Chemist: 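Submitted below is the structure of interest, expressed as structure tokens.
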Amino acid sequence: MSSVLNTVSSLRLSRIYTSNSNSNNNNHLRVPTHSFSTPASVSFTRRRLTVRAADTDTNEVKSKAPDKAPAGGGSSFNQLLGIKGAAQETNKWKIRLQLTKPVTWPPLVWGVVCGAAASGNFHWNLEDVAKSILCMIMSGPCLTGYTQTLNDWYDREIDAINEPYRPIPSGAISENEVITQIWLLLLGGLGIAALLDVWAGHDFPNIFYLALGGSLLSYIYSAPPLKLKQNGWIGNFALGASYISLPWWAGQALFGTITPDIIVLTLLYSIAGLGIAIVNDFKSIEGDKALGLQSLPVAFGPETAKWICVGAIDITQISVAGYLLGAGKPYYALTLLALIVPQVVFQFQYFLKDPVKYDVKYQASAQPFLVLGLLVTALATSH
């Protein structure tokens, strides 16, 4: 499918180039009108000839759609973080890092911090710090990297429409290399989880089963036949729980025990995670529609979906503040409410104006206050 799109795009661009060229170049750049009715093999041959005449490298055209490529060649920094606007890269290790999307690791790392704080048993000594760092590596680079690589693998057809210059649809990394990376990250994460259980002296391997359950959730989120992400509500809540609840539980299990009230509170916070996940759906509307995925921007339209998004984020945090107030923690509740205010300001300043144009700027501005609120809640529950 990606190759066909590239073929048509290349022919279309060549025709445009022809019409804008001077008369001296017309004989070299004109695309024969009957090429669309000839067999595929002939079309591809003519495509290559046409592209060479237009001074465009054949491999470049194959790996990305020119009308969708990042402006100005993209950013190397964005490439390393795994976010849109990334530069095209040939170094395999940089491509592997890009697939793990390091920009998505901090929420998981922060979740471990919150869980450790909520346990009330974390101490600033070498052993506890080392345990925490290992748990962060498990949650971030290993299991989040596994999740992101797996998701990109099963999203390769959507990315061929929305972001055809990404590593997998562009052919920058092979199928076997991607699958090998998925398995290595998964097994590495599960191995670290088992080690942490032994280190913590658990009779029952709590952390290992949390890691295993989270990995299974990641799989059914991305892969058919269930593919939870096909449903905007279920998929985004599963994603929110993976980013907030699971790393919190892992951090708390490492230093203490997971209590029923913590489970309820973190799952409630996962509704805010649902809202955060919706932010990323706006840039994929075109591909989601083409493949029949019912993301919330597709199901409700962008205008309604952006209000669902901010409502899920804000109402959840206000509800948690109310819970803390009812639990006799007024100072923590007021601090959490104060952290909601700048988030609302940035929602009106960026996200509600244009959720596609300002998605990165909004998340960079507002999310630090949300994650600080998570820590405030964790500290409140530890006392």
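If you're wondering where the values come from, they're calculated on a predicted model, not measured in any experiment.
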Chemist: Any salt bridge linking K101 with D152? Criterion: basic side-chain nitrogen under 4.0 Å from a carboxylate oxygen.
Modeler: yes
Chemist: Take F369 and I340, measure what side chain to side chain contact (heavy atoms under 4.5 Å, CB included) needs, and give me the verdict at the end.
Modeler: CA-CA 7 Å; F369 295 97; I340 297 171; over 6 Å; no
Chemist: For the CD1 atom of I220 and the CG atom of L226, what is their distance to the nearest 0.5 Å?
Modeler: 5.5 Å
Chemist: For the OG atom of S270 and the CH2 atom of W248, what is their distance to the nearest 0.5 Å?
Modeler: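 The OG atom of S270 sits 10.0 Å away from the CH2 atom of W248.
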Chemist: Quick one: pull up OH in Y221 and CG in L228 and give me the separation to the nearest 0.5 Å.
Modeler: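 One finds 8.5 Å between OH of Y221 and CG of L228.
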Chemist: Can a side-chain donor-acceptor contact be found between E177 and T180 if the only test is distance below 3.5 angstrom?
Modeler: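 No, E177 and T180 have no side-chain donor paired with an acceptor closer than 3.5 Å.
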Chemist: By side chain to side chain contact (heavy atoms under 4.5 Å, CB included), which residues pair with A211, not counting sequence neighbours?
Modeler: M138, L143, L190, A193
Chemist: At what distance, to the nearest 0.5 angstrom, does CD1 of I276 lie from CD1 of I271?
Modeler: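 Spacing of CD1 (I276) from CD1 (I271) equals 12.5 Å.
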Chemist: Take F122 and F255, measure what ring-ring contact (aromatic ring centres under 6.0 Å, His included) needs, and give me the verdict at the end.
Modeler: CA-CA 6 Å; F122 175 83; F255 296 102; 5.4 Å; yes
Chemist: For atom CZ of F204, decide whether the heavy atoms of other residues, nucleotides or ligands shown that lie under 6.0 angstrom number more than 12.
Modeler: yes
Chemist: Would you compute the distance between atom OG of S222 and atom OH of Y154 and round it to the nearest 0.5 angstrom?
Modeler: 8.5 Å
Chemist: So, N151 and K229: side-chain donor and acceptor under 3.5 Å apart, yes or no?
Modeler: yes
Chemist: Measure across I192 and C142 and return the closest heavy-atom pair with its distance rounded to 0.1 Å.
Modeler: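 So the minimum-distance heavy-atom pair works out to CD1-SG, 4.0 Å.
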Chemist: Would Y332 end up clustered with L325 when hydrophobic side chains under 4.5 Å apart are linked, directly or stepwise?
Modeler: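 Unlinked, Y332 and L325 end up in two clusters.
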Chemist: Could you tell me which residues satisfy side chain to side chain contact (heavy atoms under 4.5 Å, CB included) with D354, sequence neighbours excluded, listed by chain and number?
Modeler: V356, K357, Y358
Chemist: Looking only at heavy atoms, which two atoms of N206 and A253 are closest? And how far apart?
Modeler: CB-CB, 4.3 Å
Chemist: Are K289 and E286 close enough for a salt bridge, meaning some N to O gap below 4.0 Å?
Modeler: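 Salt bridge: no.
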Chemist: Are F351 and F282 close enough that their ring centers fall under 6.0 Å?
Modeler: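 Yes; F282 has its ring centre under 6.0 Å from that of F351.
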Chemist: Please check if any side-chain donor atom of D261 sits under 3.5 Å from a side-chain acceptor atom of T259, or the reverse.
Modeler: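 Yes, a side-chain donor-acceptor pair sits under 3.5 Å.
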Chemist: Rounded to the nearest 0.5 Å, what separates atom OG in S139 from atom OH in Y243?
Modeler: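 S139 atom OG to Y243 atom OH measures 11.5 Å (nearest 0.5 Å).
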